[in-house]
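Structure first, commentary second.
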Amino acid sequence: MQPSIPKKFLKPYNPQETESNIYKTWLDSGFFNPDVCVQKGVTRSDAPIFSIVLPPPNVTGTLHIGHATMLAIEDSLVRFERMRGKRTLWLPGTDHAAIATQSRVEKNLEKEKIRRHDLGREEFLKRVHQFAQESHDTITDQIRGMGASVDWSREAYTLDEPRSRAVRTAFKKMYDDGLIYRGYRIVNWDPKGQTTISDDEIVYTEASTTLYTFKYAKDFPIPIATTRPETKVGDTAVAVHPEGKYKKFIGTEYDVDFVGEKIHLKIVADTAVDQAFGTGAVGVTPAHSHTDWEIAQRHQLPLKQVIDEFGKMTVPAPLLAGKKVTEARAAVVDWLKQNELVEKEETITHNLATAERSGGIIEPLPKLQWFVAVNKEFSRNGVSTTLKKIMREAVASGSIKIIPERFEKIYFNWIENLHDWCISRQIWFGHRIPVWYRSNAKKEEIYCDIEPPQGDDWTQDPDTLDTWFSSGLWTFSPLGWPNQTPDFKTYHPTSLLETGYDILFFWVARMILMSGYLLDTIPFHTVYLHGLVRDSKGRKMSKSLGNIIDPLEMTKKYGADAVRLSLLIGTGPGNDSKLSEDKIRGYKNFANKIWNATRFVLENTADVSLETKPQLSAKNESDLQEFKNFSQDITTDIEHYRLYLAAEKLYHYFWHTFADNIIEESKKAIAQSDESLAHSARWTLAYLLVALLKFLHPFMPFVTEAIWESLPKNLKTSEPELLLIASWPFH
RNA sequence: GGGCGAUUAGCUCAGUUGGUAGAGCAAUCCGUUUACACCGGAAAGGUCGGGGGUUCGAGUCCCUCAUCGCCCACCA
């Protein structure tokens, strides 16, 4: 008897003609939305919650392979929890990514020889918003293409009105508590991007440079070493170690003429001076160095700014005035040589601070900016604490668990070194700082609130906020906060945050800060950090190397299931993984294997009913027992986030136990005359296939759902129409 | 300078509380038997980076060295 099976099984599995239809079926069902699952009786209303926010991709273009990894991991977990009966919310969204997006648009404009100031704030922002919208549309298409079962009805954007309101609310509360302040301090100025950036946005690159040892003047007693001679016109002191060889000069003061600039130097004692480096004395430039600024603070030294926002010298000395720092450096060195003041020149390698986004060389400058005070004491529930303490405690107490654990140490180390967070940016795209100024003859007024002040004589601060300020709110702003919405009450704190280890500080730490401070709670219980996807040789993927594996292209070629599996298997938490097209191809073959095994099972099980279990042969009983043990193993692995193990084990079981062994054995059983043995084999095949589809579904949702929709009635009498909401076996 | 990770078969990686070394891919040989050649079968391949220690027993724990990689700090 050759039963008629769906025609589609007569050809190899074709993901291209299957996937978009399947995704549409899921969307139409509404089951990505946990409310629908409850309404339709799929999920119990009192079921445990599993909630997770999608790390919002930047609207800077398209998704890369790292995003695909994130989607594969998160979707697998989300589908697993949904099938286990939890009330499961996966909340999607996108990030405006302030600097990143603005500089992308500026680069595009450069091609037309247009600068942002040519357009003006309003027109420029129009262009950025348009670009952001296009990126958004591409990105959400890609998210769908990966099969991500996110609840689109709750989609959010870090710059939409509800999220902007959340940002202003957070800002005001911190401002009122004195945790956000405006201060004149040394900041990291990016002359190329024309904005300040935070410490975390600095990328250090190794560069070789010349270290000059010189004296300010012939009669000056202490030689100084520097890599930046041009800044020395801004020196206001020389710091020496209190117990060092220049001890006897401490307290003396000198007036010198330096490259045509009069400078006044005081010799001060400071333990920050390393006697072993250079000459054992430091020329203190308070306006253009972080450490010198701190020395200056300790000794009440004056501040002298000699470089402006464009990286040009501001001193009147004719040799230097208006010159760029590099030109000024040459000019100073020439002058020093002419005056025989250079004692030594040596080539050293040092770390050059550059801006992450623009690549500009950071110029430390004193500026009036907005900061979050991380060390300031404030009272919380009658106890004095600081933002730093809140961040540390959340992890130290075990309330938040980071996987892999070693990143907890890295996190603590970062917190120890954390300085106040500069949050104001001189760019146009982003959340405008909710502060307004008004001044008249008598006084200057400052106003901070969620809504603008009344009256038209107020001017809003032109700056925008660091993009991470708004993403710090991401676990709760999309749930409706500051309103106490049902979503907020139900789904916060979230269960899990899954993201790349490269944004542990940028993002994870800031979320812990914001949630801890604003809500007095943790933002998530577990942090799972995935690694970087590298090419088959272990190199970072980059445009210049031409080794980028585009997830979209791979999905088209091999199907989303194959791409997902190749990104999951061999990818432990926190470890970088290597990806090659070969690997993806291998998992495409697996999808086809499942497809064909299904065909065989369907051809042999037309008369099987799974409603009642028949008397099974001893072999089949042991097959089932083995399978049950195996499946509990899988469940445990997923519960412990060992997706790489679970997926690999399933692959192996399906191929080498189910297909190579059980199916092959069943052929003999079916062929012989004892009808009860044959039926036992048929029933076992059907039973295992149905269960395996469920286990495989979180990892390979498309092919399993495509099979599920074509399963004949007798194999799914008590099962739902969609595998998406089938229940996880044995739990 | 401080910290972390990796080092297991040609390649990519597992090896969860210490108990006889595993998988996938590639390569070799055989095979087109009606689920699948996007396949099946067979065989091959490793002194688990080096050295030392703890233990009845170490890929696994401890020490040490080496190579590669990453993160943080930063020196003027």
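Every heavy atom of this structure was used, including side-chain atoms; hydrogens, water molecules and symmetry mates were not.
C62(B) sits 16 Å from U55(B) when the P atoms are compared, rounded to a whole Å. For the P atoms, the distance linking G10(B) with G50(B) amounts to 14 Å, nearest Å. For A9(B) and A44(B), the C1' atoms lie 10 Å apart once the distance is rounded to whole Å. Between G53(B) and A14(B), the distance separating the two P atoms is 30 Å to the nearest Å. Nucleotides C4(B) and A76(B) are separated by 29 Å at their C1' atoms, to the nearest Å. Taking atom P on both C65(B) and G24(B), the two are 39 Å apart, rounded to the nearest angstrom. Taking atom C1' in both G46(B) and G15(B), the straight-line distance is 14 Å, to the nearest Å. A gap of 15 Å separates the P atoms of G40(B) and U34(B), to the nearest Å.
Picking from A23(B), A14(B), C38(B) the nucleotide with the shortest atom distance to the side chain of H652(A) gives A23(B). The side chain of T227(A) approaches A76(B) more closely than any other nucleotide in the set A76(B), A35(B), C75(B). Across A76(B), A35(B), G15(B), the shortest atom-to-atom separation from the side chain of N596(A) is found for A35(B). Relative to the side chain of K232(A), the nucleotides G15(B), A76(B), C74(B) differ in distance, and A76(B) lies closest.
For the OP1/OP2 pair of A35(B) and a distance below 4.0 Å, the side-chain nitrogens and oxygens of N604(A) include no atom meeting the criterion. Checking the phosphate oxygens (OP1, OP2) of A26(B), no side-chain nitrogen or oxygen of K583(A) falls inside 4.0 Å. When the side-chain nitrogen and oxygen atoms of W655(A) are compared with OP1 and OP2 of G24(B), none of them lie within a distance under 4.0 Å. For the OP1/OP2 pair of G24(B) and a distance below 4.0 Å, the side-chain nitrogens and oxygens of H656(A) include at least one atom meeting the criterion. Between T636(A) and U16(B) there is no side-chain polar atom (N or O) within less than 4.0 angstrom of OP1 or OP2. Considering only side-chain N and O atoms, K578(A) lies under 4.0 angstrom from the phosphate OP1 or OP2 of U12(B). Residue K593(A) places at least one side-chain N or O under 4.0 Å from the OP1 or OP2 atom of G40(B).
Taking atom CZ of R599(A) as the reference point, atom P of C38(B) lies 15 Å away to the nearest angstrom. Taking atom CD of residue E665(A) and atom C1' of nucleotide G41(B), one finds them 14 Å apart after rounding to whole Å. The interatomic distance linking K667(A) (NZ) with G40(B) (P) rounds to 10 Å, in whole Å. The CG atom of L650(A) sits 15 Å away from the C1' atom of G24(B) (whole-angstrom rounding). As rounded to whole Å, 16 Å separates atom P of C74(B) from atom CD1 of I348(A). Going from atom CD of Q632(A) over to atom C1' of U16(B) covers 17 Å, rounded to whole Å. W595(A) has its CH2 atom 17 Å from the P atom of C39(B), to the nearest Å. Summarising the geometry, the separation between CD1 on I594(A) and P on C38(B) is reported as 17 Å, rounded to the nearest angstrom.
Note on K401(A) versus E408(A): no salt bridge recorded, every NZ/NE/NH1/NH2 to OD/OE distance being 4.0 Å or above. Look at R185(A) and D420(A) and you find a salt bridge, because one of the NZ, NE, NH1 or NH2 atoms lies within 4.0 Å of a carboxylate O, short of that distance. Looking at K266(A) and D235(A), no side-chain N of the basic residue comes within less than 4.0 Å of a carboxylate O on the acidic one, giving no salt bridge. Comment: D535(A) does not engage K578(A) in a salt bridge, judged by the lack of any side-chain N to carboxylate O separation of less than 4.0 angstrom. Contact check on K8(A) versus E709(A) returns a salt bridge, with a Lys/Arg side-chain nitrogen under 4.0 Å from an Asp/Glu carboxylate oxygen. Checked for salt-bridge contact, E581(A) and K557(A) meet the test: a charged N lies under 4.0 Å from a carboxylate O. The residues R642(A) and E648(A) are annotated as not salt-bridged, no charged nitrogen and carboxylate oxygen being separated by less than 4.0 angstrom. Taking 4.0 Å as the cut-off between side-chain N and carboxylate O, K556(A) and E553(A) do not count as a salt-bridged pair.
The residue S289(A) sits apart from the nucleic acid: no heavy atom pair falls under 4.0 Å. Contacts of N417(A) with the nucleic acid, taken as non-hydrogen atoms under 4.0 Å apart, involve only primed sugar atoms and P, OP1 or OP2. Across all strands, F505(A) comes closer than 4.0 Å only to sugar-phosphate atoms, never to a base (heavy-atom distances). When heavy atoms are screened at a 4.0 angstrom cut-off, A281(A) is found touching no nucleic acid atom at all. Nucleic acid contact for Y651(A): sugar-phosphate only, since backbone atoms but no base atoms lie under 4.0 Å from a heavy atom of the residue. Residue contacts for H350(A): at a heavy-atom cut-off of 4.0 Å it reaches the sugar-phosphate backbone alone, with no base atom in range. Within 4.0 Å of D660(A), counting heavy atoms only, lie sugar-phosphate atoms of the nucleic acid but no base atom. Residue contacts shown for R642(A) include a base, since a base heavy atom lies under 4.0 Å away. Within the nucleic acid shown, I663(A) comes within 4.0 Å of at least one base atom, counting heavy atoms only.
Residues satisfying the salt bridge (Lys or Arg N to Asp or Glu O under 4.0 Å) criterion with K304(A), sequence neighbours excluded, are E261(A).
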**OP:** Using a 4.0 Å cut-off on protein heavy atoms (strictly under), produce a 5'-to-3' string for nucleotides 2-7 of chain B with B for base contact, S for backbone-only sugar-phosphate contact, and - for none.
**Re:** --SS--

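The aromatic rings of Y641(A) and Y528(A) sit tilted relative to each other, their planes meeting at an angle between 30° and 60°.
Looking only at side-chain heavy atoms (C-beta outward), L692(A) and Y653(A) come within less than 4.5 Å of each other.
Across the interface with RNA chain B, nearest-nucleotide mapping of R534(A) and G280(A) shows R534(A) to be the residue nearer the 5′ end. Residue-to-nucleotide proximity on RNA chain B shows that, of Y13(A) and A272(A), the 5′-proximal contact is made by Y13(A).
One cannot find a donor-acceptor pair under 3.5 Å joining the base of A73(B) and the side-chain atoms of E416(A).
Of the candidates D623(A), L650(A), V601(A), V601(A) is the only one forming a side-chain contact (heavy atoms from CB on, under 4.5 Å) with F658(A).
By the 6.0 Å contact criterion, CD1 on I670(A) is enclosed, its count of non-hydrogen atoms from other residues, nucleotides or ligands being greater than 12.
For RNA chain B, the stems formed by at least three consecutive Watson-Crick or G-U pairs, with both atom-pair distances below 3.5 Å, span B:1-7 with B:66-72, B:10-13 with B:22-25, B:28-31 with B:39-42, B:49-53 with B:61-65.
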